Amino acid sequence: NYSYYLRVAGDTLQSLHKLYNTPYRHAGGCQFAGDKLFTGVEDNIAKDKAKVVAVGENGSIAVITQRSGRYKLSTAGATGAVYVNGKYIVAVADWDSRNIDFYRADAAGYDSVGTFSADTGVTWGSYQSVNLLADTAGNLFMVGFCKDGKYNRADLFAVNSAYNLALLSSRAFTCKRRCSFRYGAGLGVNRNTLVVYTCQRVLKRRNAVNVFSSNGSL
């Protein structure tokens, strides 16, 4: 009936925060960047409208863009964001991430700066989460998380200045305790170590999160 996000401290679930009532009932793949949580909130029944929002630390909700009209194209099932060179860059994917729109923040708000439309062949996944990251030189990358048969797969793309994507590598992950990239996944950098997280499908009193580290540990 409504979309929401959770606040967690350590391994303790602190609180649930409502975003919107139905029809904006589904908050999809998200990413925390700078001091904001970026997510798309869509009508996943009619599949013809969505809002993309940035949630501040104080709970304020700023709408980056609204979509409406075209079936599946006007959704926002996965959102990634990164703070680089003093600006936010946001990637917003539609249904199954067939099209990814890029936005860049300036003093007036967020402007559309490019769209990538995928050739949905065998290498393109039904990404339920997309995350952005940048290296120390400011080069931009995107990771798409999907379920590929019995495997969970993360695909790493380079993002060029025209916001086109080039696949660099793919990696399969074995998830445990009913966690899956199909339900939710994301990445972070902790002490120069890349960390991947994935969760279970249904929120319960006790919840599992798989944590994969680039040093090989789970």
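What you are looking at is a predicted structure, and each value in this text was computed from that prediction instead of being measured.
V195 and V209 fall within a single hydrophobic cluster, where Ile, Leu, Val, Met, Phe, Trp and Tyr are joined by side-chain heavy atoms under 4.5 Å apart, directly or via other members. The cluster map of Ile, Leu, Val, Met, Phe, Trp and Tyr, joined by side-chain heavy atoms under 4.5 Å apart, puts V41 and I61 in the same cluster. Side-chain heavy atoms closer than 4.5 Å link hydrophobic residues (I, L, V, M, F, W, Y) into clusters, and following such links, possibly through other members, connects V189 to F145. Note on V196: it does not cluster hydrophobically with F32, by side-chain heavy-atom contacts below 4.5 Å among ILVMFWY residues. Y110 and V52 end up in the same hydrophobic cluster when Ile, Leu, Val, Met, Phe, Trp and Tyr side chains are linked at under 4.5 Å.
A distance-only check finds no donor-acceptor pair linking the side chain of D94 to the backbone of S74 [under 3.5 Å]. Between the side chain of S3 and the backbone N or O of H26 there is no donor-acceptor pair closer than 3.5 Å. A distance-only check finds no donor-acceptor pair linking the side chain of T79 to the backbone of C30 [under 3.5 Å]. Between the Q31 side chain and the N131 main chain, no donor and acceptor come within less than 3.5 Å of each other. Between the side chain of N21 and the backbone N or O of Y2, no donor-acceptor pair lies under 3.5 Å. T75 places no side-chain N or O within 3.5 Å of a backbone atom of K47 that could act as its donor or acceptor partner. Formation of a donor-acceptor pair under 3.5 Å by the E42 side chain with backbone atoms of G77 is found in this model. One N or O on the side chain of D135 and one on the backbone of N139 form a donor-acceptor pair closer than 3.5 Å.
We find that K49 and D43 are joined by a salt bridge, their nearest charged nitrogen and carboxylate oxygen being less than 4.0 Å apart. In summary, R153 and D155 engage in a salt bridge, as defined by a charged side-chain N under 4.0 Å from a carboxylate O.
Counted within 6.0 Å of CG on D11, heavy atoms from surrounding residues, nucleotides or ligands total 12 or fewer; the atom is thus considered open. The number of heavy-atom neighbours closer than 6.0 Å to CZ of R7, taken from other residues, nucleotides and ligands shown, is above 12. With a 6.0 Å radius and a threshold of 12 heavy atoms from other residues, nucleotides or ligands, N58 has its CG atom above the threshold. The number of heavy atoms from other shown groups lying within 6.0 Å of CZ (R182) does not exceed 12.
Annotation: side chain of V90 is not in contact with side chain of D101 (no heavy-atom distance under 4.5 Å). Between L167 and L156, the closest side-chain pair of non-hydrogen atoms is not below 4.5 Å. Contact check for R104 versus D111: no side-chain heavy atoms found under the 4.5 Å cut-off.
If you check the side chains of S117 and N99, you find a donor sitting under 3.5 Å from an acceptor.
For the pairing with F38, the side chain to side chain contact (heavy atoms under 4.5 Å, CB included) check across L132, I64, V53 returns one residue only, I64. For the side chain to side chain contact (heavy atoms under 4.5 Å, CB included) criterion with K204, the lone passing option out of Q200, R206, R201 is Q200. No option in Y163, Y127, W124 other than W124 meets the ring pair (Phe, Tyr, Trp, His ring centres under 6.0 Å) test with F116.
Aromatic pair H17/Y5: ring centres closer than 6.0 Å. The aromatic ring centres of Y103 and Y88 sit 6.0 Å or more apart.
To the nearest 0.5 angstrom, S68 atom OG is 10.0 Å from K51 atom NZ. For the atom pair NZ (K147) and OG1 (T198), the distance works out to 9.5 Å, reported to the nearest 0.5 Å. Taking OH of Y83 as the start and CG of N85 as the end, the distance is 9.5 Å to the nearest 0.5 Å. Taking CG of N152 as the reference point, atom CD of Q128 lies at 11.5 Å (rounded to 0.5 Å). In this structure, CG on D148 lies 10.5 Å from OG1 on T123, to the nearest 0.5 angstrom.
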Requested in this report: Determine, stepwise, if the pair F181 / C175 fulfils side chain to side chain contact (heavy atoms under 4.5 Å, CB included).
Outcome: CA-CA 8 Å; F181 290 1; C175 298; 4.2 Å; yes
Report task. Given salt bridge (charged side-chain N to carboxylate O under 4.0 Å, His left out), test D48 with K72 step by step and report yes or no. Result -> CA-CA 6 Å; D48 63 355; K72 291 189 175 180; over 6 Å; no
Report task. Under the side-chain hydrogen bond (donor to acceptor under 3.5 Å, both in side chains) rule, what do R25 and N44 come out as? Steps first, then yes or no, please. Result -> CA-CA 7 Å; R25 60 190 292 273; N44 63 337; 2.8 Å; yes
Report task. Mind running side chain to side chain contact (heavy atoms under 4.5 Å, CB included) on V159 and I89 for me, showing each step along the way? Result -> CA-CA 11 Å; V159 184; I89 298 175; over 6 Å; no
Query - Full working for side chain to side chain contact (heavy atoms under 4.5 Å, CB included) between V92 and I100 - result: CA-CA 5 Å; V92 181; I100 301 175; over 6 Å; no
**Report entry** Verdict with supporting geometry, N160 and L140, side chain to side chain contact (heavy atoms under 4.5 Å, CB included)
**Finding:** CA-CA 7 Å; N160 67 17; L140 190 63; over 6 Å; no
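Across all their heavy atoms, A134 and V84 have their closest contact at CB-CG2, 3.9 Å. Here the closest heavy-atom approach between residue A154 and residue V143 is recorded as CB-CG1, 4.1 Å. Here the closest non-hydrogen pair linking A91 and V130 is O-CG2, 4.4 Å. In terms of heavy-atom proximity, A93 sits nearest to S97 at CB-OG, 3.3 Å. The two residues R67 and L73 come nearest to each other via the heavy atoms NH1-O, 3.5 Å. Nearest heavy atoms, D96 versus S126: OD1-OG, 2.7 Å.
For the pair K18 and Y4, the cation-pi test (distance below 6.0 Å, angle within 45°) is failed. Geometrically, R171 engages F173 in a cation-pi contact defined by less than 6.0 Å to the ring centre and at most 45° from the axis.
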